[in-house]
2 protein chains.
Amino acid sequence: MSVTLKQLAASLGLSPTTVSRALNGFPEVNAATRERVKKAAERANYHPNTRAKSLATGRAQAIGHVIPASTSHEIVNPIFADFIAGAGEIYSQSGYEMILRVVADDDEEHAYGDLMARGAVDGVIVHGPRTDDRRVALLAELGVPFLVHGRTSAANAPYSWLDINNQRSFRRATQFLLDFGHRRIALVNGLEAMDFAARRRAGYLEALAEAGILPDPHLMRQAPMTEPYGHRAAQEMMQLPDPPTAFMASSMIVAYGLRRGLSDMGLKLGRDVSIVTHDDELSYLPNEGDVPMFTATRSSVREAGRRAARMLLTLVTQPGSGPLTELMETSLVLGASTGPAR
Amino acid sequence: MSVTLKQLAASLGLSPTTVSRALNGFPEVNAATRERVKKAAERANYHPNTRAKSLATGRAQAIGHVIPASTSHEIVNPIFADFIAGAGEIYSQSGYEMILRVVADDDEEHAYGDLMARGAVDGVIVHGPRTDDRRVALLAELGVPFLVHGRTSAANAPYSWLDINNQRSFRRATQFLLDFGHRRIALVNGLEAMDFAARRRAGYLEALAEAGILPDPHLMRQAPMTEPYGHRAAQEMMQLPDPPTAFMASSMIVAYGLRRGLSDMGLKLGRDVSIVTHDDELSYLPNEGDVPMFTATRSSVREAGRRAARMLLTLVTQPGSGPLTELMETSLVLGASTGPAR
DNA sequence: GCGCCAATCCAAAGCGGTTTGAGTAATGGA
DNA sequence: TCCATTACTCAAACCGCTTTGGATTGGCGC
């Protein structure tokens, strides 16, 4: 079905060695010969067999992504698709393959070691780190090049990660609401076992503390970030004796839920009640225009995917390039969902 | 770093042949020996090198998925993540790897041939088929085992696909609205170059025709399925001299947009205006409860992913098992978003 | 005691590339 | 004219596994 190097060499009356070198740009091959080989390869639609190549070179030319399968998890979420898309762009450009493994929750740790032991990948990206996540220590021990999308507190040594500044981001957004006179600010967060959610909470609490406001447990929630979750949070919190005048949401999806809950009660965003959300710039949930619908802390998760991929590739190709870290700042965009406290 | 078969064999005083056969369950190896080998393999944390294995066997033990990278496209959408998750489950169970390629739009066709020629995969799944899609003919010509998620009209020979019955689904949903007395029914569709959208449109038109209603171009829209798209459609259509009393939406996301647009105008779903949407059962956009928020044609895209993977695997492992096709019916679930026409 | 067969195990040849270590022809300098 | 280079090209080994085609051994029937 497909041509092999040997066949190609035979058809040219050359040795496999020469053909290989011609195609891989080695200097010791005659320019004329190289041209001839390249033409022939083109014509025969020759593509080197990936497996043979990586067997011979010892490099897999592939990066692994492991995602837990359970539906109860935060991570099979829209974020994931965009991040993957961003990372995939870079892999394609760099001649790397992306291999994705969907595994049951408890097999997750095992999956990384397995991928590496089988020589299937040169490095892995860790998704959805939890505050207390054993994977980082595990991977460090295995000696696998890896990069974490996010961070964790459970590492006992420096490691490579790419994260957004969740804490500062939410602190600043909370301050923004405080400046508008809001004092009852709700936090509708993702599961706080997830590192990103814990950091957002920390930023929120920090801003409240600075303003001398005691956090109210009734105004803080955590759960997987679905639309109905946001809806319920809005409904229930607004029925409190002392309801919030503003909400912080951990994702656009949750914010949509909040919005629906509030509008069901006849409340208008920006006038009666305010919302600030985090916006990952997902392609099908754009928050754009002259005046975006939501005031938001914004950061493109697709761009994060691109950067993460680039970082991991340098870790892979330049061993010992040490732990690489990058903290992306978010921007605070002003939208129609915020206004002064009533 | 990792043990090889040869090393393992040496440490046991056996030949690689015997160790290989012992681990792969061949009958001609002594039961005691097999046990001994298995124990040793376990202890040494031996995992056969995937690349070497597939080089030797000629099977890649991997399935390819190609997704176009452009943001303008329908396909980098939430659907994709859930479908992948479903398919990935099956691959993991079956010992297959999933390799994902994100490519620029115009490289898409090339990517399939490339994957196969390099021997990187045993088969591919085609995502987001368009009404007129050259990929199917291309792949058939290449002799690659493939399965289409959806269908296309551009095939000149039978091919394997898994699809939901979009046409019947939308026809039935439209009839449902007609039965409620609606006569002005809008269609807020995905891009109709996409096969699924074209079929939904056909179903919608069919139902209208049966009821003797002439379709009104002002009530039919197509675009990438974002939330703002739904919002705008609702706003603009409701300002028509003769506005619709009901909407058909192609996805939950669009339905959310419609809902927001309508509620902005003080209209209540199910009372003032009706919506029926298609619901892919995405995990973070659940449409559940005793009375779901939206009346919907429902079908789990995650389950579709599982089935598609199973089908492709049989195509791969049993060559000549002929074109396999499956048409999944959707269920019509009644929610709070529909009511009699006013 | 001999031949035959089943039960085990192994050496060696690939799979399709890369890479090391030479070999050959042409070139240039003395 | 001869030798040392330089420029190309190639044969063979290897990557880690599977698989073909024996080789060896012991038990069994006669």
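Chain letters run A, B, ... following the sequence lines, proteins first, then strands; residues in each count from 1.
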Taking only nitrogen or oxygen atoms into account, show me every contact under 3.5 Å that the protein makes with nucleotides 16-22 of chain D, one pair per line with its distance.
unit_1: D/dG16; atom_1: N2; unit_2: B/Ala52; atom_2: O; d: 3.4
unit_1: D/dC17; atom_1: OP1; unit_2: B/Tyr46; atom_2: OH; d: 3.0
unit_1: D/dC17; atom_1: OP1; unit_2: B/Asn49; atom_2: N; d: 3.1
unit_1: D/dC17; atom_1: OP2; unit_2: B/Leu5; atom_2: N; d: 2.3
unit_1: D/dT18; atom_1: OP1; unit_2: B/Asn24; atom_2: ND2; d: 3.1
unit_1: D/dT18; atom_1: OP2; unit_2: B/Ser20; atom_2: OG; d: 2.6
unit_1: D/dT19; atom_1: O4; unit_2: B/Thr17; atom_2: OG1; d: 3.2

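- Here the P atom of nucleotide D/dC8 and the CZ atom of A/Arg34 are 10 Å apart, to the nearest Å.
- Think of the region where chain B sits on DNA chain C: with heavy atoms and a 4.0 Å cut, that region ends 5' and 3' at C/dT8 to C/dG16.
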Test log, rule side-chain contact (heavy atoms from CB on, under 4.5 Å), inputs A/Glu89 and A/Arg302: CA-CA 10 Å; A/Glu89 279 178 42; A/Arg302 188 154 179 162; 3.3 Å; yes
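- With 3.5 Å as the limit, one finds a donor-acceptor pair spanning the side chains of B/Arg51 and A/Ser54.
- A salt bridge is absent between B/Asp195 and B/Arg151: the closest approach of a Lys/Arg side-chain nitrogen to an acidic carboxylate oxygen does not fall below 4.0 angstrom.
- Applying the ring pair (Phe, Tyr, Trp, His ring centres under 6.0 Å) test to pairs two or more places apart or on separate chains, those with a residue in residues 86-112 of chain A are A/His65-A/Tyr91.
- Using a 3.5 Å distance cut-off with no hydrogens or angles, the side chains of A/Ser15 and A/Thr18 do pair a donor with an acceptor.
- Under a 4.0 Å N-O distance rule, the pair B/Glu42/B/Lys39 does not qualify as a salt bridge.
- Taking the C1' atoms of five terminal pairs at each end of the helix from C/dG1-D/dC30 to C/dA30-D/dT1, the two resulting helix axes are inclined by 60°, rounded to 10°.
- Under the 4.0 Å criterion applied to side-chain N and carboxylate O atoms, A/Asp114 and A/Arg101 are assigned as salt-bridge partners.
- Put simply, the side chain of B/Asp133 never gets that close to the backbone of B/Pro129: no donor and acceptor are under 3.5 Å apart.
- Phosphate proximity of D/dC15 to A/Ser54: absent, as no side-chain N or O sits under 4.0 Å from OP1 or OP2.
- Not counting sequence neighbours, the partners of B/Ala154 by the side-chain contact (heavy atoms from CB on, under 4.5 Å) test are B/Asp132, B/Thr152.
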Expected list for residues 140-147 of chain B: side-chain donor-acceptor pairs under 3.5 angstrom, two or more places apart:
none

